[in-house]
2 protein chains.
Amino acid sequence: MNNLADKLRQSGHRLTPQRELILQAVDKLGHATPDEVLTEVREHSQAVNISTVYRTLEVLEQLGLVKHAHLSDRAPTYHSVAGHEHFHLVCRKCERVISVEDHEASAFAKLLREHHGFVADIGHLTVHGECAEHEE
Amino acid sequence: MNNLADKLRQSGHRLTPQRELILQAVDKLGHATPDEVLTEVREHSQAVNISTVYRTLEVLEQLGLVKHAHLSDRAPTYHSVAGHEHFHLVCRKCERVISVEDHEASAFAKLLREHHGFVADIGHLTVHGECAEHEE
DNA sequence: TTCCATGCAAACACTTTGCACCGTG
DNA sequence: CACGGTGCAAAGTGTTTGCATGGAA
């Protein structure tokens with residue numbers, strides 16, 4: 001089955017080569033800014049415009065195929081949602097990014113739901129701090 | 001005692017009227033973008049430049065007097081660190097911001113430290129999701 | 001053949017920087 | 001009176017938008 005084509009059509013969108021390429025690039029790169037996605041796409045094919053990248057990432061996120069997180073103070077990064085959700089730890093000292101299974105945040109999410117009626121989007125969560133090699 | 005003046009001098013900085021005004025504005029506003037800080041400062045005094053706001057917020061953050069968090073996908077917001085640390089819950093539907101005492105994240109922080117050797121900066125943490133009135 | 005999608009260029013939002021002048025310490 | 005701080009203007013980075021053209025269904 002073609003997940004992308006199906007999801008696009010079900011929501012009244014169209015399947016285009018650009019959209020396939022951009023989703024492939026996100027899959028391959030792991031965590032990438034829109035600009036990095038553009039660079040990756042141009043390795044294989046050429047001729048994709050940066051505004052198409054922005055517009056496509058927005059559509060893919062609506063469809064639940066990718067998510068974005070804010071790993072730095074700069075541009076957001078996109079990653080594919082390949083079944084298992086995860087969140088991120090980012091070291092301020094070395095910029096290292098650690099991906100953590102969502103279940104490690106489930107107790108925290110439960111607490112927020114019970115105390116504040118708040119349903120957390122764990123897949124969007126980024127925790128900044130310092131990794132083992134760099135703590136004070 | 002004058003906390004600002006002391007901290008500035010101890011770190012080789014100077015006390016200026018702009019720095020006092022900007023810190024007061026952050027205190028008063030709660031959570032504010034650099035631009036909102038500028039607007040607030042200009043209510044009282046005039047003549048502070050946006051680049052001074054950026055430079056000052058950076059200094060104040062180094063001194064531990066303010067912190068920034070990313071409450072939206074847009075500009076960061078600054079809040080004063082008035083003794084007690086807190087983190088934020090942001091509702092995607094209504095933009096509401098809920099401030100939560102840091103101790104509610106202490107079990108989560110402990111888990112991250114034990115499993116990943118990662119020391120989380122809870123005061124910088126922002127959790128996105130949906131508040132009680134807007135969950136699905 | 002109908003609309004949605006794309007490319008392009010311009011505009012926009014936010015932030016940083018170089019430099020001359022100002023004012024704290 | 002030295003040196004860090006400020007204002008101003010310009011440039012840098014990241015993102016969005018209007019519009020004409022292109023192509024999927």
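We name chains A, B, ... by the order of the sequence lines, and we start the count at 1 in each one.
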Tell me the interatomic distance from [X], atom [atom1], to [N], atom [atom2], rounded to whole angstroms.
{"X": "B:L63", "N": "D:dG4", "atom1": "CG", "atom2": "P", "value": "16 Å"}
{"X": "B:I22", "N": "D:dG5", "atom1": "CD1", "atom2": "C1'", "value": "11 Å"}
{"X": "B:L60", "N": "D:dG5", "atom1": "CG", "atom2": "C1'", "value": "13 Å"}
{"X": "B:H68", "N": "C:dT15", "atom1": "NE2", "atom2": "C1'", "value": "13 Å"}
{"X": "A:R19", "N": "D:dG22", "atom1": "CZ", "atom2": "C1'", "value": "14 Å"}
{"X": "B:D73", "N": "C:dA13", "atom1": "CG", "atom2": "P", "value": "16 Å"}
{"X": "B:L57", "N": "D:dG5", "atom1": "CG", "atom2": "P", "value": "15 Å"}
{"X": "A:L8", "N": "C:dA5", "atom1": "CG", "atom2": "P", "value": "8 Å"}

**Complete:** Exactly one of B:V53, B:L23, B:V48, B:V41 clears side-chain contact (heavy atoms from CB on, under 4.5 Å) with B:Q18, and that residue is B:V48

Using the 3.5 Å cut-off, write out each protein N or O paired with an N or O of nucleotides 8-10 of chain D and the distance between them.
residue, atom, partner, partner atom, Å
D:dC8, N4, B:S51, OG, 3.3

**Prompt:** Is it true that a side-chain atom of A:T39 and a backbone atom of A:D35 form a donor plus acceptor pair closer than 3.5 Å?
**Reply:** yes

**Request:** For B:S51 and B:N49, test the side chains for any donor-to-acceptor distance below 3.5 angstrom and give the result as yes or no.
**Result:** yes

**Message:** Can a side-chain donor-acceptor contact be found between B:E104 and A:H116 if the only test is distance below 3.5 angstrom?
**Reply:** yes

[X] side chain N/O closer than 4.0 Å to the phosphate oxygens (OP1, OP2) of [N]?
{"X": "B:Q18", "N": "D:dG7", "answer": "yes"}
{"X": "A:R14", "N": "D:dG23", "answer": "no"}
{"X": "B:T16", "N": "D:dT6", "answer": "yes"}

**Residue B:R9, side-chain heavy atoms: nucleotide from C:dG25, D:dA25, C:dT6 that is nearest** = C:dG25

**Prompt:** Does a side-chain N-to-carboxylate-O contact under 4.0 Å join A:K67 and A:E85?
**Reply:** yes

**Complete:** Closest to the 5' end of DNA chain C, once B:P17 and A:T52 are matched to their nearest nucleotides, is A:T52

**Request:** Assign the ring pair B:H79 / B:H88 to parallel, tilted or perpendicular, where the plane angle (0 to 90°) is split at 30° and 60°.
**Result:** perpendicular

**Prompt:** Is the A:Y78 ring parallel, tilted or perpendicular to the A:H68 ring (thresholds 30°, 60°)?
**Reply:** tilted

**Item:** Closest non-hydrogen atom pair, B:S72 against B:A75
**Value:** OG-O, 3.9 Å

Name the pairs: protein N/O against N/O of nucleotides 12-15 of chain D, kept only if under 3.5 Å.
residue, atom, partner, partner atom, Å
D:dT13, O3', A:R74, NH1, 3.4
D:dT15, OP2, A:Y54, OH, 2.3
D:dT15, O5', A:Y54, OH, 3.1

**Fill in**
Residue set satisfying ring pair (Phe, Tyr, Trp, His ring centres under 6.0 Å) with A:F108, at least two apart, ordered chain then number -> B:F87, B:F108

